[in-house]
Amino acid sequence: MARNAEKAMTTLARWRAAQVHGKDSHDKERRPYLATECTDLRKCEKWRIQIIREIARKVSQIQNAGLGEFRIRDLNDDINKLIREKGHWEAQIKELGGPDYARVGPRMLDHEGREVPGNRGYKYFGAAKDLPGVRELFEQEPPPPPRKTRGELMREIDADYYGYRDDDDGILIPIEEREEKAAIENAVNRWKQRGDNPNDEQENEEEDLYAVHESDDEENQSNNGASNVAESSKFVAHVSVPSQDEIKQALLLRKKQELLERYAAGDGGVDSLEQ
């Protein structure tokens, strides 16, 4: 008795299988390439449902991350093509008087119930979201820190803001004491180097304002054409300078003259005041 595998390889069995498949291919209707070629509303609904089933099948396949990067990318491209085709059939259904699925239809969700993310109409499903270069598209930047209002900023201002508690940490005072001690030591060393009586040195260092230098005399001689050079280094007064007593006496006489001019009534009054 022949086995089932051998029976299937016989010529009659192969001819019968070809007849069955050929009959099914003739009975099976092919979906139009363009949605606008179909003018029957019922057939448009049929093709839309068929596309949705294909999308669901491919979405379930793309969840498997072990398919490989190239296979996952191909599946994701096929799903996006089917989604665009479904949109064309929905527009044709609306044109024929059917429901508007773009408005009342459900949103495209992933297996976790969240809306499928994408960029400019192209969406990523399942394992395609974890592909290199795609993961960065879904990483959201952290939100900027909220800006504080003027009132909130003023509530945080205390004594530390104005520097009233700078010495409480105990860091600044030791530094200031060390610098002060070093400054005092430097001043004492300079005083000891000058000697016990620094006033003499200070007096010697003071410049004589009335001194006549030889360089100045030479310049004056060259400019004025003078023949003699002043040998004295001190200032010489060429007019008589009044003393302190003479100045007081002159002020007293001036004051007396003013009183005479103010209160004297005549010559008699003047003579009485002079006496």
Exercise. So if you build clusters from Ile, Leu, Val, Met, Phe, Trp, Tyr with side-chain heavy-atom gaps below 4.5 Å, do F70 and L67 land together?
Worked result: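 Different clusters: F70 never reaches L67 through Ile, Leu, Val, Met, Phe, Trp or Tyr contacts under 4.5 Å.
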Is any side-chain heavy atom of [X] closer than 4.5 Å to a side-chain heavy atom of [Y]?
X: E177; Y: I173; value: yes
X: I51; Y: I55; value: yes
X: F125; Y: I83; value: yes
X: H88; Y: W47; value: no
X: E85; Y: R31; value: yes
X: Q244; Y: K248; value: yes
X: I157; Y: Y162; value: yes

Between atom [atom1] of [X] and atom [atom2] of [Y], what is the distance when rounded to the nearest 0.5 Å?
X: I62; Y: I79; atom1: CD1; atom2: CD1; value: 4.5 Å
X: T36; Y: W89; atom1: OG1; atom2: CH2; value: 8.5 Å
X: D100; Y: K94; atom1: CG; atom2: NZ; value: 4.0 Å
X: K58; Y: L75; atom1: NZ; atom2: CG; value: 6.0 Å
X: Q50; Y: L82; atom1: CD; atom2: CG; value: 10.0 Å

Exercise. Between N76 (side chain) and K123 (backbone), is there a donor-acceptor pair under 3.5 Å?
Worked result: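 Here the side-chain-to-backbone pair exists.
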Exercise. Hey, does the side chain of E45 reach the backbone of L41 with a donor-acceptor pair shorter than 3.5 angstrom?
Worked result: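 No: the side chain of E45 does not pair with the backbone of L41.
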So, using salt bridge (charged side-chain N to carboxylate O under 4.0 Å, His left out) as the criterion, who are the partners of [X] when residues are at least two apart?
X: E152; result: none
X: E69; result: R73
X: R71; result: none
X: E90; result: R48, K86

Can you see which heavy atom on [X] is nearest to which on [Y], and at what distance?
X: C44; Y: I93; answer: CB-CG1, 3.6 Å
X: E37; Y: P32; answer: OE1-CB, 3.9 Å
X: L96; Y: C38; answer: CD1-O, 4.1 Å

Exercise. Taking atom types as modelled, is there a side-chain donor on Y263 or E258 under 3.5 Å from an acceptor on the other?
Worked result: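 No.
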Exercise. Distance only, no hydrogens: is a donor on one side chain within 3.5 Å (strictly under) of an acceptor on the other, for D77 and Y122?
Worked result: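 Short answer, yes.
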Exercise. Mind checking who shares a hydrophobic cluster with Y33, ILVMFWY linked at side-chain heavy-atom distances under 4.5 Å?
Worked result: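 For the cluster that includes Y33, the remaining residues are L34.
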Exercise. Who else is in I49's hydrophobic cluster (ILVMFWY, side-chain heavy atoms under 4.5 Å, direct or via others)?
Worked result: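 Reading the cluster by chain and number, I49 sits alone, since nothing else belongs.
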Problem set entry | side-chain contact (heavy atoms from CB on, under 4.5 Å) between R84 and N80, intermediate numbers included | CA-CA 6 Å; R84 289 195 297 271; N80 281 273; 4.1 Å; yes
